[in-house]
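Since we're looking at a predicted model, the values are computed, not measured.
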Amino acid sequence: MSTALVPQGPRGHFLLGVMAEFNRDSLAFIERLPREYGDVARARFFYLWAYFLYNPEHIEQVLTTENRNFIKPRSVRSPFFCRLVGKGLLTSEGDFWRRQRRLAQPAFHRGRINSYGETMVAYAEAMAASWREGETRDVHEDMTHLTMRIVTRTLFNTDVTHDARHINDALKVIVEPFSSQATLKWILDNRLPTPANRRFHQAVRQIDAFIYRIINERRASEEDYGDLLSMLLRAQDEDGTQMTDQQLRDEAMTIFLAGYETTSLALSWAWLLLAQNPEAEAKLWQELDEMLGGRAPQMADMPRLRYTEMIAKETMRLYPPAYIVGREAATACEIGGYSVPAGTQVFMPTWVVHRDARFFDSPEEFRPERWTPEFIEQLPRYAYFPFGGGPRACIGNNFAMMEFILLLATIAQKFRLRLAPEHEVKLKPAMSLRPAQGIKVRLEKR
């Protein structure tokens, strides 16, 4: 028999476990577990047991070395989430996931996504041209609209300028059920005809209509528009089979949501951090002035924008959009000498690991210059994992990094963003790490 131990953790409520504490302040909850219980802690959410991992070696075991023993967590397999993204790359498992990943991978080859750089810069310049010095704006809302326009252009070769407000309103409704990772919404059926459920399904139908219309138009035209959808439409498996309309819809929905959400949040947090750290902001301007001299950035400039890239990495260290990564143990196993029964939810909080003083000096400080090649070389592999890791790492990570660097370089050359003094930025750990009431800034021309 196994001599593995059972990890310690908070007891919580006799019925709901730690659900109330987690929902009250998710970040505080995942921060206190390693302080009180070490690198592996256990907690109960209603009838589900969850382990929280804080050691990079344990995280590597789950995401890489034993990844086939871990499936996506209950939260991602919830009725709400499955209705939203279907059997896309984010939720599918096993042989079906491997087939879909194989079909989708060519669309994200570096050479393919590099062709989108000009589009990204053009949209960023158009947005900056609409800004006026002295006005106060919600930069998170602006970044959301900007990245939404970019992902629809690069994914569907279409412009949603006129539909942006309509689509954004639908997306706000869609995000509502994901306002917490631990509520009963993840467990109860989403088909109950409550007002919230009806709003959710109506919003998903609106996005579905938008995506299916484009798929049908594209199949009818049989043209290659140079976008990601064209690649997905033409992708063939080894036996010659292609994606069905449903599979195309699921992958397009996954790419659409992840493509605008992750980068818009990372950019929003970057503007906040730069406004709070004028020395880093000055270094950014110096690099942009020296490397670009006032012109728009191009793909050829990417290797030279080293400090801009450091800002991207440091922003996603302190404010990772995916603030916690989850899996479920498919069969019983051991992690760090602890027994993990089948069905256990396993969570790896990037928010905490990225701020661990064992791996990062002055972990609470915004220090982009820490990201030297030497520092990266000595960093444990899973001390930093903003895009997940292993075979199921985010397929669009290169797209997201390129977009972050090009958009930041384009806008920062034209404007300085100052935090509105009357506005308090509050964190909302929802489906992603979001600002609860946006990020209000005052614009100053450079």
Side-chain angles (χ1 to χ4, degrees), residues 4-13 16-67 69-78 178 180-183 186-187 317-330 332-360 363 380-386 388-390 392 427 429-433:
L5 304 173
V6 175
Q8 299 298 303
R11 296 185 62 180
H13 186 270
L16 298 178
V18 300
M19 193 173 288
E21 181 184 356
F22 185 90
N23 287 339
R24 186 165 53 248
D25 192 336
S26 302
L27 298 181
F29 178 82
I30 60 177
E31 287 171 346
R32 86 171 177 92
L33 291 184
R35 290 197 304 266
E36 298 181 12
Y37 304 105
D39 280 340
V40 182
R42 187 177 79 143
R44 180 174 58 85
F45 294 82
F46 198 28
Y47 62 84
L48 294 174
W49 283 99
Y51 284 22
F52 291 81
L53 309 182
Y54 298 91
N55 187 310
E57 291 184 5
H58 302 159
I59 296 169
E60 183 172 13
Q61 177 183 341
V62 173
L63 296 182
T64 301
T65 56
E66 297 181 19
N67 72 86
N69 189 47
F70 294 90
I71 61 177
K72 287 297 178 127
R74 181 68 61 93
S75 55
V76 172
R77 294 173 9 242
S78 71
F178 310 101
S180 174
Q181 292 280 6
T183 63
W186 295 119
I187 300 172
R317 182 185 73 82
L318 286 171
Y319 291 93
Y323 77 100
I324 191 167
V325 177
R327 294 290 188 269
E328 179 181 304
C333 62
E334 290 186 14
I335 297 177
Y338 292 104
S339 173
V340 182
T344 300
Q345 307 301 296
V346 179
F347 294 112
M348 296 148 283
T350 50
W351 171 265
V352 181
V353 179
H354 286 188
R355 294 165 178 255
D356 194 322
R358 291 178 295 181
F359 318 122
F360 302 95
R381 185 175 181 184
Y382 281 94
Y384 180 75
F385 55 112
R392 301 203 66 147
L427 296 172
M431 185 164 56
S432 303
L433 186 64

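Among I324, L427, V352, the one residue that satisfies the side chain to side chain contact (heavy atoms under 4.5 Å, CB included) test with L27 is L427.
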V18/F45 under side-chain contact (heavy atoms from CB on, under 4.5 Å): CA gap, chis, key distance, verdict
CA-CA 6 Å; V18 300; F45 294 82; 3.6 Å; yes
Is there a side-chain contact (heavy atoms from CB on, under 4.5 Å) between M19 and H13 once you walk through the steps?
CA-CA 8 Å; M19 193 173 288; H13 186 270; over 6 Å; no
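Atom CD of residue Q61 and atom CD of residue E66 lie 4.0 Å apart, to the nearest 0.5 angstrom. Note that CG of L53 is 11.5 Å distant from CZ of R327, once rounded to the nearest 0.5 Å. Rounding to the nearest 0.5 Å gives a distance of 11.0 Å between CZ of R355 and CZ of F360. Distance check: L33 CG to Q8 CD gives 12.0 Å after rounding to the nearest 0.5 Å. Taken from CH2 in W351 to CD1 in I30, the straight-line distance is 8.0 Å, to the nearest 0.5 Å. To the nearest 0.5 Å, the span separating CZ on F29 from CZ on F52 amounts to 5.0 Å.
Here the side chain of R392 pairs no donor or acceptor atom with the backbone of I71 at under 3.5 angstrom. Remark: side-chain polar atoms of Q345 are not paired, donor with acceptor, to backbone N or O of G326 under 3.5 angstrom. Judged purely by atom type and a 3.5 angstrom limit, D356 has no side-chain atom pairing as donor or acceptor with the backbone of V353. Listed for the Y338 side chain is no donor-acceptor partner under 3.5 Å among the backbone atoms of A41. For T350 (side chain) and Y323 (main-chain N/O), a donor-acceptor pair under 3.5 Å exists by modelled atom type.
Here the closest heavy-atom approach between residue A330 and residue A342 is recorded as O-CB, 3.7 Å. Shown here for D25 and A28, the closest heavy-atom pair between the two residues is OD1-N, 3.1 Å. Between F70 and C333 the shortest heavy-atom distance is CZ-SG, 3.7 Å. Scanning all heavy atoms of the two residues, the minimum distance from G390 to T64 falls at CA-OG1, 3.6 Å. What you find for R358 and Y54 is that their closest heavy atoms are NH2-O, 3.4 Å. Smallest separation of non-hydrogen atoms from A322 and P386: CB-O, 4.3 Å.
Heavy atoms of other residues, nucleotides or ligands lying less than 6.0 angstrom from CD of E57 number 12 at most.
Using bins of under 30°, 30° to 60° and over 60° for the plane-to-plane angle, the ring pair Y382/F385 lands in the perpendicular bin.
Between P341 and Y51, the closest side-chain pair of non-hydrogen atoms falls below 4.5 Å. Side chains of Y37 and R32 form a contact here, defined as non-hydrogen atoms less than 4.5 Å apart. With contacts defined as side-chain heavy-atom distances shorter than 4.5 Å, the pair P380/E60 does not qualify.
For the side chain to side chain contact (heavy atoms under 4.5 Å, CB included) test, residues two or more places apart in sequence or in another chain that qualify with W49 are R42, R44.
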